[in-house]
Amino acid sequence: MHAPLMQPAEPQQIWTERGLAPYACFSHRSQGRLHAQEAAPTRSAFQRDRDRIVHSTAFRRLVYKTQVFLNHEGDLFRTRLTHSIEVAQLGRSVARALRINEDLTEAICLAHDLGHTPFGHAGQDVLNDCMQDFGGFEHNMQSLRVVDTLEERYPDYSGLNLCFETREGILKHCSARHARLLEQREPGGVGQRFLLGRQPGLEAQLANLADEIAYNAHDADDGVRSGLISLEQLLEIPLFARYAQQALAEYPQLQEPQWRRKWLYEATRRMLSEQIYDVIRHTSAGLQAAHPADVDAVRQLPALVGFSRTMAAESAELKRFLFKNLYRHPQVVRTTDQAKVVVRELFAIYLADPAQMKPRYASRAAGLEPVACARVVADFIAGMTDRYALREHERLTGQRVLVP
C-alpha cells in the first residue's frame, strides 16, 4: 500500500498547479509514496521527484550509455542522457499546451530510461536472453526497480521513494507475468493497470509519445551525421520531405553543399514542431469529446494522447525506415553483435563467480539461490555504462573489443 503524502495543499503547490485542467494529475492529490515522508516546503511532490531523479546515480550514468552510436564513435552523437533531456523538453511543451502537469511529465521523461542497459537495445535483448531461465529482463521494469530499490541515497529506505504517478509513468510497458508479481508485492499499485487493461494518467501517456517523437527525429539526425544514411534517403520519406521542401522554398540556398547541414536541421525542426502541434490538436479534440472529470476517469478511457491518423501513419513510416536503414545498417549490426558478446560473457562469468562483481553486488549475491543470484547479476550489468562494461570484459577475458 502507498503512504499518503504527509502534506496539506501547500500554497507553493497550489500556485504551481494553478490553471491545470481537472483531468491533470495534481501533486496534492497524489496516491502517495511507498514510504511516508514530510512535504518539502518549497516544492510540489512531483518537483521533488524530478529533482531526486536528476541527482540520482542512475541518471548520471546515462551520459555513457548508447542511444544508437557508442560513445567512442563520436562526441556529438546522442546518448541516453541527452535523449532523456530532449524527451523532457518535448513533453513539457505539450503538457503546457494541454494544461496537464508539466513537472510530472518532466519527471517521467527524465526517468524513463534509467534501467536501460549498456549498448542500447542490443544490451537489453541479450540480457533478456541470458535471464530467460531466471525471470527475464524488461528495461521498463528495470527502470522501476532502479527508483524503487537499487538507488542507495537515503537512510530510511532503498530507492528514491517517488510518487505513485511518477512510478506509473516510468513503467510504460509490462508483461502480464511481471504485472502479477508487482500486484502481489504492491496491491493496487503500478502493476494493476496492466491486469485491468487501463491507461495511466495523461502525463504518462504524453511521456511515452514524446519518447517516440524524440528518437525518430534525433536518430535520423545522428544517422545523417554519421554518414550511415543520407539526406537524399530521408527526402524519400513523406513526413521529412514535406518539411524539407517547405524549408527549401523559403531558403533556396539550403540546397547548396555548404548549407546542407542547416537544411537537415531546419527540416527536422519543422517536422518536430508540426508533430507537436498535431499531438496538441488531436489530443485536445479527444479530451473535449471524452470530457473526463478527473485523472481517475482518464484511466478508464482508451489512450487519449496521440497523433492524428495521418501523422501516426507517417511517423510509423519514418520509424520503419530508420529500423531498416540505420538500426539494421551493417556497421551498426557489427557493433551491436560485438556488444552482445560482451554482455553475454559478462553474465556467464558473474553468474559462475559472483565475487567478480563489485563488492556490494558480490555480497548481495553471496549464498543466494540461482534465480535471485541471476537478478543481482542483471542489476549489476544493467547499471553499467558502455565503457565500464568494456573495461570489465577486458579485465575478465583479456580481450579488447569495441575500442576506437
Side-chain angles (χ1 to χ4, degrees), residues 16-27 44 46-47 49-50 53-54 78 81-113 140 163 165-173 199-221 239-240 242-243 267-292 294-295 297-299 301-316 318-319:
T16 299
E17 298 178 351
R18 181 181 297 157
L20 293 186
Y23 41 72
C25 288
F26 291 83
S27 63
S44 74
F46 299 148
Q47 288 173 333
D49 282 0
R50 175 203 58 207
I53 291 160
V54 168
R78 287 166 175 87
L81 181 64
T82 53
H83 166 70
S84 297
I85 293 170
E86 289 170 336
V87 174
Q89 181 269 319
L90 292 175
R92 287 201 73 129
S93 297
V94 178
R96 184 179 301 117
L98 295 177
R99 295 172 52 221
I100 60 178
N101 201 303
E102 289 184 53
D103 295 320
L104 175 58
T105 302
E106 182 180 31
I108 296 169
C109 290
L110 292 174
H112 81 281
D113 269 349
N140 292 128
C163 293
E165 292 77 8
T166 307
R167 298 170 60 241
E168 172 187 56
I170 291 171
L171 191 65
K172 63 182 181 181
H173 303 298
Q199 297 296 325
L202 294 171
E203 292 82 357
Q205 294 180 36
L206 172 54
N208 191 14
L209 185 58
D211 181 30
E212 177 183 332
I213 294 171
Y215 68 64
N216 272 352
H218 298 141
D219 288 357
D221 178 30
L239 178 61
F240 182 86
R242 181 163 62 249
Y243 302 106
T268 302
R269 182 190 68 79
R270 291 175 184 235
M271 181 179 71
L272 277 172
S273 294
E274 185 51 40
Q275 286 186 302
I276 289 171
Y277 299 145
D278 182 89
V279 171
I280 293 169
R281 288 192 298 266
H282 181 73
T283 304
S284 296
L287 287 167
Q288 186 173 5
H291 198 61
D294 54 26
V295 67
V298 167
R299 291 189 171 102
L301 294 167
L304 290 167
V305 178
F307 288 129
S308 65
R309 183 175 299 178
T310 299
M311 184 61 79
E314 291 184 330
S315 179
L318 174 59
K319 187 174 183 178

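For the numbers below, each heavy atom of this structure counts, side chains included, while hydrogens, waters and symmetry mates do not.
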(message) To the closest 0.5 Å, what do you measure between CE (M311) and CG (L239)?
(response) 5.5 Å
(request) Report the distance from atom CD1 of I170 to atom CD1 of I53, rounding to the nearest 0.5 Å. (result) 5.0 Å
(request) Indicate the atoms forming the closest heavy-atom contact of S44 with D103, along with that distance. (result) OG-OD2, 4.3 Å
(request) State whether the side chain of R96 and the backbone N or O of E102 hold a donor-acceptor pair below 3.5 Å, judged by distance alone. (result) no
(request) Apply salt bridge (Lys or Arg N to Asp or Glu O under 4.0 Å) to E274 and list each qualifying residue two or more places apart in sequence or on a separate chain. (result) R281
(request) Classify the side-chain pair D221/T268 by whether it contains a donor and acceptor separated by less than 3.5 Å. (result) no
(message) Looking at every heavy atom in both A88 and L110, which two are closest together, and how far apart are they?
(response) CB-CD2, 3.8 Å
(message) If you compare all heavy atoms of L90 against all heavy atoms of A210, which two are closest, and at what distance to 0.1 Å?
(response) CD1-O, 3.9 Å
(message) Rounded to the nearest 0.5 Å, what separates atom CD1 in I276 from atom CD in Q89?
(response) 6.0 Å
(message) If I take atom CZ from residue R242 and atom CZ from residue R270, how far apart are they, to the nearest 0.5 angstrom?
(response) 12.5 Å
(message) I'd like to check D211 versus H83 (side-chain heavy atoms, cut-off strictly below 4.5 Å). Are they in contact?
(response) yes
(message) Please evaluate residues Q275 and F307 with respect to the criterion side chain to side chain contact (heavy atoms under 4.5 Å, CB included), reporting the C-alpha separation (whole Å), side-chain torsions for both, the decisive distance (0.1 Å), and the verdict.
(response) CA-CA 8 Å; Q275 286 186 302; F307 288 129; 3.8 Å; yes
(message) With heavy-atom distances below 4.5 Å as the criterion, would you say the side chains of V295 and E165 are in contact?
(response) no
(request) Taking the side chain as every heavy atom from C-beta outward, state whether Y215 and K319 have any atom pair closer than 4.5 Å. (result) yes
(message) Main chain of I108, side chain of T166: is a donor-acceptor contact present, judged purely on distance under 3.5 Å?
(response) no
(request) Considering non-hydrogen atoms only, spot the tightest contact between F46 and A107 and give its length. (result) O-CB, 4.3 Å
(request) Kindly indicate whether the side chain of L272, heavy atoms from C-beta on, has any atom under 4.5 Å from the side chain of H218. (result) yes
(request) State, to 0.1 Å, how close G91 and L206 come at their nearest heavy-atom pair, and which atoms those are. (result) O-CD2, 3.3 Å
(message) Looking at every non-hydrogen atom in both residues, tell me the closest pair between S284 and L98 and how far apart they are.
(response) OG-CD2, 3.4 Å
(message) Which residue is it: V94, D278, V279? I am looking for the one with a side-chain contact (heavy atoms from CB on, under 4.5 Å) to I213.
(response) V279
(message) Restricting to salt bridge (Lys or Arg N to Asp or Glu O under 4.0 Å), what partner residues turn up for E168, sequence neighbours left out?
(response) R299
(message) Any donor-acceptor pair under 3.5 Å linking the side-chain atoms of N101 with those of E203?
(response) no
(message) If you define the side chain from C-beta out and look only at heavy atoms, does anything of P292 sit under 4.5 Å from L287?
(response) yes
(request) With rounding to the nearest 0.5 Å, note down the distance linking CG in L304 to CD in Q199. (result) 8.0 Å
(message) Using a 3.5 Å distance criterion without hydrogens, assess whether the side chain of E17 forms a donor-acceptor pair with backbone atoms of S27.
(response) yes
(request) Would you mind reporting whether E212 and N216 have side-chain heavy atoms less than 4.5 Å apart? (result) yes
(request) To the nearest 0.5 angstrom, please state how far the CE atom of M271 sits from the OG atom of S315. (result) 8.0 Å
(message) We want to know whether D113 and S84 form a side-chain donor-acceptor pair, criterion being a heavy-atom distance below 3.5 angstrom.
(response) no
(message) Could you tell me if the side chain of V298 sits less than 4.5 Å from the side chain of Q205, heavy atoms only?
(response) yes
